[in-house]
Number of protein chains: 2
Amino acid sequence: MMKDFECTQESYTKEVLREKGLKSTTQRLAVVHILHMSEKSLSIGEIHGGVKDMLGNTGLATIYRTLEMFEDLGIVKRLHFPDGGHGYAFSQGEHVHHMVCVDCRGVFDFSECPAENFDYASVEKQGFRVKDHFIQLFGQCGKCVEAA
Amino acid sequence: MMKDFECTQESYTKEVLREKGLKSTTQRLAVVHILHMSEKSLSIGEIHGGVKDMLGNTGLATIYRTLEMFEDLGIVKRLHFPDGGHGYAFSQGEHVHHMVCVDCRGVFDFSECPAENFDYASVEKQGFRVKDHFIQLFGQCGKCVEAA
DNA sequence: AAATTAATTGAAAATTATTCTCATTTAATA
DNA sequence: TATTAAATGAGAATAATTTTCAATTAATTT
Ligand SMILES: [Mn+2]
Ligand SMILES: [Mn+2]
Ligand SMILES: [Zn+2]
Ligand SMILES: [Zn+2]
């Protein structure tokens with residue numbers, strides 16, 4: 001059998017898993033592949049469907065377990081949509097933020113941080129300490145702008 | 001019976017509802033009151049509990065309906081926690097962001113926008129148009145910093 | 001103040017989302 | 001190839017959210 005082409009995302013994931021003593025299972029690598037292939041964010045159900053297409057039957061619980069783990073590891077990011085739904089997007093373990101299209105759920109990530117030179121001290125009242133931030137930009141992708 | 005003191009949040013809500021031809025029901029005003037009183041963000045269940053304490057039996061569906069409506073109207077903001085849970089916080093219809101304590105879910109809102117002078121054009125690739133953004137700061141509140 | 005009426009509610013069922021359990025499988029290592 | 005701890009799958013169990021529809025109520029009109 002021909003060895004699959006291994007993209008940056010796949011080898012990155014394997015490396016992170018190995019470092020943590022976690023296994024690089026086919027299911028986990030399939031999740032990475034599905035997300036990596038997609039230009040839009042995917043729901044749990046869509047990821048599950050994609051993995052089943054690749055591997056045949058796969059437990060939904062495994063998808064939940066994998067995504068939670070990947071989020072903790074910084075491999076994927078969970079996005080929150082105005083309609084209450086959620087999507088997942090690859091984030092390569094770097095500090096990236098996402099622009100999401102509210103029409104098609106397409107995603108574009110970017111590494112410039114919108115809060116780059118924000119003075120956190122100005123809002124750290126009453127001893128509050130800012131440790132992290134979540135930023136998500138909403139809008140329409142090029143295609144959806146035209147289609148509208 | 002003595003007329004209740006009407007705070008800014010309550011009269012603001014009534015006004016928004018009236019403008020939209022929506023009714024200022026006791027349930028809706030109770031939700032505003034509960035959120036306004038709380039220094040932390042509240043889950044759907046907590047809000048439901050609070051409203052039941054004020055009014056006696058209240059349908060959970062009403063709480064869901066109210067919060068969705070309030071979010072659309074900009075009266076409340078839904079917050080997203082790292083553990084996957086959600087909380088709601090009053091937002092007075094203004095453009096505010098929230099700092100949340102990951103330990104106690106306490107919230108502080110602030111009107112300075114961390115992305116104030118971010119150059120959106122720099123990330124609007126391929127025709128993407130940014131229309132809105134969601135920013136949430138994570139950290140620990142003063143109490144939880146001490147307690148830790 | 002009563003009548004009117006469209007909006008809203010409550011209750012329960014229905015649906016959807018998420019987690020748990022545990023027997024079986026599998027990736028990593030020796 | 002044998003060993004073993006980690007991971008999976010199946011399905012049950014929970015939790016979260018939405019739907020339906022008859023009954024109630026806030027706002028408006030007599
Ligand atoms: Mn950032
Ligand atoms: Mn969310
Ligand atoms: Zn789009
Ligand atoms: Zn706290």
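FYI, side chains are in, hydrogens and waters are out, and symmetry mates aren't considered; it's all heavy atoms of this structure. The sequence lines fix the lettering, A, B, ..., with proteins before strands; numbering per chain opens at 1.
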Side chain of [X] only, heavy atoms from C-beta on: which candidate in [options] is closest?
X: Thr62(A); options: dT8(D), dT17(D), dT8(C); value: dT8(D)
X: Thr25(B); options: dT8(D), dA26(D), dG9(D); value: dA26(D)
X: Arg65(B); options: dA27(D), dT20(D), dT18(D); value: dT20(D)
X: Lys23(B); options: dT8(C), dG10(C), dA16(D); value: dT8(C)
X: Ala61(A); options: dA7(C), dA10(D), dG10(C); value: dA10(D)

Where does the angle between the aromatic ring planes of His86(A) and His80(B) fall among parallel (under 30°), tilted (30 to 60°) and perpendicular (over 60°)?
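Because their plane-to-plane angle is over 60°, the rings of His86(A) and His80(B) count as perpendicular.
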Donor-acceptor under 3.5 Å ([X] side chain, [Y] main chain):
X: Ser38(A); Y: Ser41(A); value: no
X: Glu10(B); Y: Cys7(B); value: yes
X: Glu19(B); Y: Val16(B); value: no
X: Thr25(B); Y: Arg28(B); value: yes

Any base atoms under 4.0 Å from Arg18(A), or only sugar-phosphate, or nothing? Heavy atoms, all strands.
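Answer is nothing: Arg18(A) stays at 4.0 Å or more from every strand.
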Touch check for Leu22(B), heavy atoms < 4.0 angstrom, all strands: base, sugar-phosphate only, or nothing?
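Sugar-phosphate contact only - Leu22(B) comes under 4.0 Å of backbone atoms but never of a base.
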pair Ser91(B)-Val76(B): side-chain heavy atoms closer than 4.5 Å:
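Counting from C-beta outward, Ser91(B) and Val76(B) never come under 4.5 Å.
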Using a cut-off of strictly less than 4.0 Å, decide whether Tyr64(A) has a side-chain nitrogen or oxygen near OP1 or OP2 of dT19(C).
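No, because none of the side-chain N or O atoms of Tyr64(A) sits under 4.0 Å from OP1 or OP2 of dT19(C).
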Taking only side-chain nitrogens and oxygens of Gln27(B), does any of them come within less than 4.0 Å of OP1 or OP2 of dT25(D)?
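Answer no for this pair, as no side-chain N or O of Gln27(B) is under 4.0 Å from OP1 or OP2.
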Distance check needed: [N] [atom2] versus [X] [atom1], whole Å only.
X: Lys14(A); N: dA27(C); atom1: NZ; atom2: C1'; answer: 12 Å
X: Leu67(B); N: dT17(D); atom1: CG; atom2: P; answer: 10 Å
X: Arg28(B); N: dA7(C); atom1: CZ; atom2: P; answer: 11 Å
X: Asn57(B); N: dA12(C); atom1: CG; atom2: C1'; answer: 13 Å
X: Ile63(B); N: dT8(C); atom1: CD1; atom2: C1'; answer: 13 Å
X: Arg78(B); N: dT17(D); atom1: CZ; atom2: P; answer: 6 Å
X: Phe70(A); N: dA7(D); atom1: CZ; atom2: P; answer: 11 Å
X: Lys20(A); N: dA27(C); atom1: NZ; atom2: C1'; answer: 19 Å

His97(A) vs His133(B), side chain to side chain donor-acceptor pair (under 3.5 Å): CA-CA, chis, key distance, verdict
CA-CA 11 Å; His97(A) 294 293; His133(B) 63 246; over 6 Å; no
DNA chain D: 5'-proximal contact among Leu60(B) and Ser24(B) (nearest heavy atom)
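Checking each residue's closest nucleotide, the 5'-ward one belongs to Leu60(B).
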When you measure from the centre of the six-membered ring of Phe81(B), is the NZ or CZ of Arg105(B) closer than 6.0 Å and no more than 45° off the axis?
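Pair Arg105(B)/Phe81(B) counts as cation-pi.
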Roughly what angle, to 10°, lies between the helix axis at the start of the helix from dA1(C)-dT30(D) to dA30(C)-dT1(D) and the one at its end, five pairs per end?
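That helix has its two terminal axes inclined by roughly 40°.
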